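To start, the structure under review is shown below, and the notes come after it.
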Amino acid sequence: MTSPGLTVVIPAHNEAAYLPRYLPTVLASLERWRETSGERGEVIVVDNASTDATTDMAASFGVRVISETVRNIGRVRNTGAAAARGRRLFFTDADVALPLEAISAAVTAMDGGAVGGAIPPLYTPKRLGARLLCAYWDHYRDTRGGAQGVAQFATAVAFQEIGGYRDDLFMSEDVEFFHRLATHGRSVNAPVVILDELRVRPSTRRYDQWSSLRMLWWQNPVTARLRLSSPRMWRHWYQSTVR
């Protein structure tokens with residue numbers, strides 16, 4: 001059997017309830033790309049120390065499931081990338097819905113010479129304060145050229161050359177990765193692309209269940225740069241998992 005042309009890496013911590021809602025969108029997008037390209041893809045769910053049925057639920061969809069016990073998102077993504085067999089990598093989260101065209105558009109960009117890129121998120125929280133916070137971050141990323149890890153992609157070669165995600169960071173590792181990917185792209189005269197014509201739809205569970213004030217504390221430009229390598233500083237973000 002030929003190696004897959006693309007690997008989707010999905011970190012998952014206690015996501016048994018969310019995988020049935022969101023994983024099918026990933027599989028549908030991968031199937032659409034397979035139908036048009038003739039290439040094969042694979043999905044790797046990285047079970048990150050789950051205490052629920054995440055492993056069994058992911059396996060029931062026919063995807064590969066591997067384990068990473070250390071609770072650090074950069075390390076989890078790197079573990080998935082290390083197990084990947086595809087020459088192109090696509091990173092998303094277990095609570096993110098992909099549009100049908102997502103995988104095809106990402107592959108087209110990479111085959112066109114890009115070292116990688118991202119698809120912006122569309123958050124639709126219930127509360128006005130949360131919506132305003134999301135709008136602020138959309139503007140912030142638009143003006144600074146950043147991108148969230150909810151949907152990032154890169155060629156396997158570029159990913160390896162820049163050393164993947166930093167596993168000494170507990171927050172903003174996705175923004176830092178994208179900055180290094182863009183710097184690498186400029187050094188080899190290859191772009192990174194943000195696919196603005198598409199949007200992925202992440203769950204708004206934190207925005208809907210945490211107060212706007214609490215979200216503002218954890219998601220503002222000052223806190224987002226504060227002691228990023230401290231597991232103690234970010235323990236509440238990792239441990240207070242909203243379901």
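What you are looking at is a predicted structure, and each value in this text was computed from that prediction instead of being measured.
- The salt bridge (Lys or Arg N to Asp or Glu O under 4.0 Å) contacts involving residues 186-195 comprise nothing, where partners must be two or more places apart or lie in separate chains.
- A cation-pi arrangement is found for Arg21 relative to Tyr18, the charged atom lying closer than 6.0 Å to the ring centre and inside a 45° cone about the ring normal.
- Proximity of Leu27 to Val63: side-chain heavy atoms (C-beta onward) are separated by under 4.5 Å at one or more points.
- In terms of the salt bridge (Lys or Arg N to Asp or Glu O under 4.0 Å) criterion, Arg201 has no residue partners (sequence neighbours excluded).
- Looking at Arg40 and Leu6, their side chains never come closer than 4.5 Å, going by heavy atoms from C-beta outward.
- Here the closest heavy-atom approach between residue Gly86 and residue Ala156 is recorded as O-CB, 3.8 Å.
- Checked against side-chain contact (heavy atoms from CB on, under 4.5 Å), Ser67 has the following partners two or more places apart in sequence or in another chain: Thr69.
- Within the structure, no pair that satisfies the ring-ring contact (aromatic ring centres under 6.0 Å, His included) test touches residues 92-112, not counting sequence neighbours.
- Under the salt bridge (Lys or Arg N to Asp or Glu O under 4.0 Å) criterion, Arg64 pairs with Glu42, sequence neighbours left out.
- Distance check, rounded to the nearest 0.5 Å: CG of Asn78 to CD of Gln160 gives 11.0 Å.
- Tracing side-chain contacts under 4.5 Å through hydrophobic residues (I, L, V, M, F, W, Y), one reaches Val188 starting from Ile162; they form part of the same cluster.
- Minimum heavy-atom separation, Ala109 to Val193: CB-CG2, 3.6 Å.
- At a threshold of 4.5 Å between non-hydrogen side-chain atoms, the residues Pro121 and Val200 count as touching.
- Counting heavy atoms from C-beta on, the side chains of Gln152 and Arg77 never come closer than 4.5 Å.
- No side-chain heavy atom of Ile44 sits less than 4.5 Å from a side-chain heavy atom of Ile10.
- Nearest approach of Ser50 to Ala12, heavy atoms of both residues: OG-O, 3.5 Å.
- The only option from Leu23, Leu30, Leu89 that meets the side chain to side chain contact (heavy atoms under 4.5 Å, CB included) definition with Val8 turns out to be Leu30.
- Shown here are the salt bridge (Lys or Arg N to Asp or Glu O under 4.0 Å) partners of Glu161, two or more places apart in sequence or in another chain: there are none.
- Ring centroid separation for the pair Phe159 and Phe177 comes in under the 6.0 Å cut-off.
- Annotation: side-chain contact (heavy atoms from CB on, under 4.5 Å) contacts of Ala158 (sequence neighbours excluded): Val115, Thr155, Leu181, His184.
- One N or O on the side chain of Asn14 and one on the backbone of Thr51 form a donor-acceptor pair closer than 3.5 Å.
- Partners of Glu39 by salt bridge (Lys or Arg N to Asp or Glu O under 4.0 Å), not counting sequence neighbours, listed by chain and number: Arg87, Arg88.
- Residues Arg71 and Asn48 form a side-chain contact, since some pair of their non-hydrogen atoms from C-beta on lies under 4.5 Å apart.
- Formation of a donor-acceptor pair under 3.5 Å by the Thr79 side chain with backbone atoms of Arg75 is found in this model.
- With respect to the salt-bridge test (charged N to carboxylate O, under 4.0 angstrom), the residues Glu101 and Arg32 do not qualify.
- Listed by chain and residue number, Met57 satisfy the side-chain contact (heavy atoms from CB on, under 4.5 Å) test with Ser60 (two or more places apart in sequence, or in another chain).
- In this structure, the side chains of His179 and Val175 stay at 4.5 Å or more apart for every pair of heavy atoms.
- Within the 3.5 Å criterion, the main-chain N or O of Ala84 finds no donor-acceptor partner in the side chain of Thr7.
- At least one donor-acceptor pair under 3.5 Å links the side chain of Arg199 to the backbone N or O of Asp196.
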Identify all side-chain donor-acceptor contacts of residues 90-98 below 3.5 Å with residues at least two apart in sequence or on another chain.
from	atom 1	to	atom 2	distance (Å)
Thr92	OG1	Val150	O	2.7
Asp95	OD2	Arg205	NE	3.2
Asp95	OD2	Arg205	NH2	3.1

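- Judged by distance alone, with hydrogens and angles left aside, the side-chain atoms of Thr54 form no donor-acceptor pair with the main-chain N or O of His13 at under 3.5 Å.
- For the residue pair Leu198 and Ala105, the shortest heavy atom distance occurs at CD1-CB, 3.7 Å.
- Here Leu122 contributes atom CG and Ile119 contributes atom CD1; the two are 12.5 Å apart, rounded to the nearest 0.5 Å.
- What you find for Asp167 and Gly74 is that their closest heavy atoms are CB-C, 4.4 Å.
- With Asn72 contributing its side chain and Leu169 its backbone, the two residues share a donor-acceptor pair below 3.5 Å.
- The shortest distance between side-chain heavy atoms of Ile194 and Pro120 falls below 4.5 Å.
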How far apart are the C-alpha atoms of Glu176 and Asp174, what are their side-chain angles, what is the distance that settles it, and do they pass the side-chain contact (heavy atoms from CB on, under 4.5 Å) test?
CA-CA 5 Å; Glu176 194 277 339; Asp174 49 354; over 6 Å; no

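- Without hydrogens or angle criteria, Thr108 side chain to Ser104 main chain gives a donor-acceptor distance under 3.5 Å.
- Sorted pairs that involve residues 149-159 and meet salt bridge (Lys or Arg N to Asp or Glu O under 4.0 Å), not counting sequence neighbours, are lacking altogether.
- Nearest approach of Ala190 to Gly113, heavy atoms of both residues: CB-O, 3.3 Å.
- For residues 29-68, there are no ring-ring contact (aromatic ring centres under 6.0 Å, His included) pairs, not counting sequence neighbours.
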